[in-house]
Novice: 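Structure incoming, see below.
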Amino acid sequence: MEHASTHAVPAETNTGIDNRKVGIWLFLGSEVMFFASLIGAYLLTRASAEKPAEIMQNAVPLISVNTFVLIVSSLTMVLSLAFARRGNQGSMKLALLATILLGATFVTIQFAVEYPRLNSEGLTMDGNPYLFGSTFYLLTGFHGMHVLGGIIWNVLVLLKAMRGAFSRENHAGIEFAGLYWHFVDLVWIVLFTLIYLL
Amino acid sequence: MEKAHSSGIGRYVAVFVGLGIITAVEVALGAARVINLDPGLLVLVLLVMSAAKAALVAMFFMHLRDDTKWFSLIFIFPFLLSSLLIFWTVFERLG
C-alpha cells in the first residue's frame, strides 16, 4: 500500500502566500457575508416584534453548555495543530478525535434536543410571532449544517492522519480544517449573544 | 511573507480560559441578570464581550495575529461591510 508523503511539498503560490490558504480565507470572507445576510434578516424580524422571551430564556442553560462545548472543540482543534507542529502524532489524532466528538455533541444537542423542545413549546417555522421562528431556525440551522460539514471535514482529516499523512513539516490539511472549524465557532459566539442573550 | 506561528499550548489554554470566563460573565449578565444594568448599556456590554470573544478566536486560534495582514484584511473587510449594512438596515427599520 502506498503511503502518503509526510514531507512538505512546496505550496503553489502567485503572491508569496500559499494559494490554498488564500482560497480558504477568501471562502471564509464570503461566508461572513452569507451569515451577515441571515443575521440581518433575524435582526429585522426582532426590530418588528419582541422575541418569545420565556421560550428563549428557558433555552439559555442548555445552549450555554452547548456554547462551551463548541469553545472546547476549538481548543482541541488548535491543540491538534500544535501537536502536529511538534511531531506528536498520537496527541494530534486524539485532539482531532475529541474535536469530532465535541462537534457531534453540539449538533446532537441542537437538532435532537433543543429544536424538538422549542417546537413543543410553540416556536415553529411557520408560526408567529412575526416570522421569528423561521428566521431563528434558518440562522441556527444554517450554522448547525456548517458544524456538520466541519465534522465531516475533520473525519476526513483524521482518516488521513491515521494513514500517516501529516508530520512536523507537513500539516497544512489540519490547519485548513482548523480555520473553518474556528470560523464556525466564531459565528456561534456572535449568534449566542444576538439570539439568546439580547 | 508569513511569520512563524507560535504553537505555544499554554497560550491556547489561556485564550480558552478567557473565552470561558467571558461566556460565564455574559450569561450572568444577559440571562441570570445578576446585576441590574440599564437595557441600553446591557446591550452594549454584551456586544463588546461577544466581539472580544470573536477577536480572541480570530487572533489566536485562527492565527490572524501571526499571519500575513492580508488574511486579516480579507476577513475583517466583510465583517465591517456587513456590520455597516446590518446597522443601517435595522436603524432605518426602527426609525
Side-chain angles (χ1 to χ4, degrees), chain A residues 15-18 21-22 24-37 39-44 46-48 56-57 59-61 63-64 67-68 71-72 74-79 81-86 175 178-179 181-183 185-187 189-194 196-198, chain B residues 1-2 5-9 11-13 15-17 19-20 22-24 26-27 29-32 39 42-43 46-47 49-58 60-64 67-68 70-83 85-94:
Chain A
T15 57
I17 309 165
D18 185 340
K21 202 166 175 182
V22 174
I24 291 278
W25 276 107
L26 285 171
F27 166 65
L28 295 181
S30 72
E31 286 278 277
V32 169
M33 297 305 289
F34 210 148
F35 274 104
S37 65
I39 290 172
Y42 171 80
L43 290 178
L44 273 178
R46 284 285 304 276
S48 305
M56 300 309 286
Q57 182 74 19
V60 169
I63 296 300
S64 300
T67 301
F68 189 70
I71 290 173
V72 177
S74 243
L75 174 69
T76 55
M77 187 79 226
V78 81
L79 287 181
L81 179 61
F83 289 133
R85 284 179 174 149
R86 291 171 178 215
E175 186 179 4
L179 284 174
W181 191 259
H182 299 308
F183 171 75
D185 178 34
L186 188 155
V187 170
I189 282 170
V190 174
L191 293 186
F192 174 63
T193 303
L194 289 180
Y196 292 95
L197 299 181
L198 292 182
Chain B
M1 192 73 186
E2 291 177 59
H5 288 290
S6 163
S7 59
I9 289 172
R11 185 165 82 162
Y12 295 139
V13 173
V15 170
F16 164 71
V17 170
L19 290 171
I22 298 173
T23 304
E26 269 187 316
V27 174
L29 289 177
L42 179 63
V43 169
L46 289 175
L47 286 177
M49 284 199 286
S50 180
K53 283 163 66 185
L56 282 174
V57 171
F60 295 101
F61 286 176
M62 298 172 87
H63 302 110
L64 277 183
D67 252 325
T68 168
W70 285 108
F71 294 150
S72 300
L73 190 69
I74 290 172
F75 197 54
I76 291 170
F77 179 69
F79 256 113
L80 295 177
L81 183 64
S82 53
S83 300
L85 289 172
I86 287 171
F87 280 117
W88 186 5
T89 314
V90 170
F91 281 119
E92 197 173 69
R93 180 74 183 81
L94 288 171

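Labels below follow one simple rule: chain letters A, B, ... track the order of the sequence lines, proteins then strands, and each chain is numbered from 1. None of the values given here were measured: they were computed from a predicted structure.
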Novice: Show the nearest heavy-atom pair for residues B:Gly30 and B:Leu46, with the distance to one decimal.
Specialist: CA-CD1, 4.0 Å

Novice: What is the distance from atom CG of A:Leu197 to atom CG of B:Leu42, rounded to the nearest 0.5 Å?
Specialist: 8.5 Å

Novice: At a heavy-atom separation under 4.5 Å, does B:Thr89 approach chain A through its side chain, its backbone, both, or neither?
Specialist: both

Novice: In terms of heavy-atom pairs under 4.5 Å, which option from B:Pro39, B:Gly20, B:Ala54 contacts chain A the most?
Specialist: B:Ala54

Novice: Where does A:Val72 contact chain B at under 4.5 Å (heavy atoms): side chain, backbone, both or neither?
Specialist: both

Novice: Output the option from B:Ala51, B:Pro78, B:Ala24, B:Ala55 having the highest count of non-hydrogen pairs under 4.5 Å with chain A.
Specialist: B:Pro78

Novice: Which bit of B:Ala58 is near chain A, if near means a heavy-atom gap under 4.5 Å: side chain, backbone, both or neither?
Specialist: both

Novice: Counting only heavy atoms closer than 4.5 Å, note whether A:Ile24 contacts chain B via side chain, backbone, both or neither.
Specialist: neither

Novice: We want to know whether A:Thr193 and B:Glu26 form a side-chain donor-acceptor pair, criterion being a heavy-atom distance below 3.5 angstrom.
Specialist: yes

Novice: Against chain A, label B:Leu73 side chain, backbone, both or neither, depending on which of its atoms sit under 4.5 Å from a heavy atom there.
Specialist: neither

Novice: Mind checking the CE-CD1 spacing from A:Met56 to A:Ile63? Nearest 0.5 Å is all I need.
Specialist: 8.0 Å

Novice: Measure distances from B:Leu81 to the heavy atoms of chain A and classify the residue's part below 4.5 Å as side chain, backbone, both or neither.
Specialist: side chain

Novice: Supply the atom-to-atom distance B:Leu64 CG to B:Phe75 CZ, rounded to the nearest 0.5 angstrom.
Specialist: 7.0 Å

Novice: Between A:Val190 and chain B, with a heavy-atom cut-off of 4.5 Å, which part of the residue counts as in contact: side chain, backbone, both or neither?
Specialist: both

Novice: Please indicate whether A:Phe27 has more than 12 foreign heavy atoms, meaning atoms of other residues, nucleotides or ligands, lying under 6.0 Å from its CZ.
Specialist: yes

Novice: Look at the aromatic rings of A:His182 and B:Phe61 and report parallel, tilted or perpendicular, splitting at 30° and 60°.
Specialist: tilted

Novice: Taking side chain as everything from C-beta outward and backbone as N, CA, C, O, which of these in A:Phe183 sits under 4.5 Å from a heavy atom of chain B? Side chain, backbone, both or neither.
Specialist: both

Novice: Tell me, yes or no, whether the heavy-atom count around B:Phe79 atom CZ, taken from other residues, nucleotides or ligands under 6.0 Å, exceeds 12.
Specialist: yes

Novice: Tell me, side chain or backbone of A:Phe83 under 4.5 Å from chain B's heavy atoms, or both, or neither?
Specialist: side chain

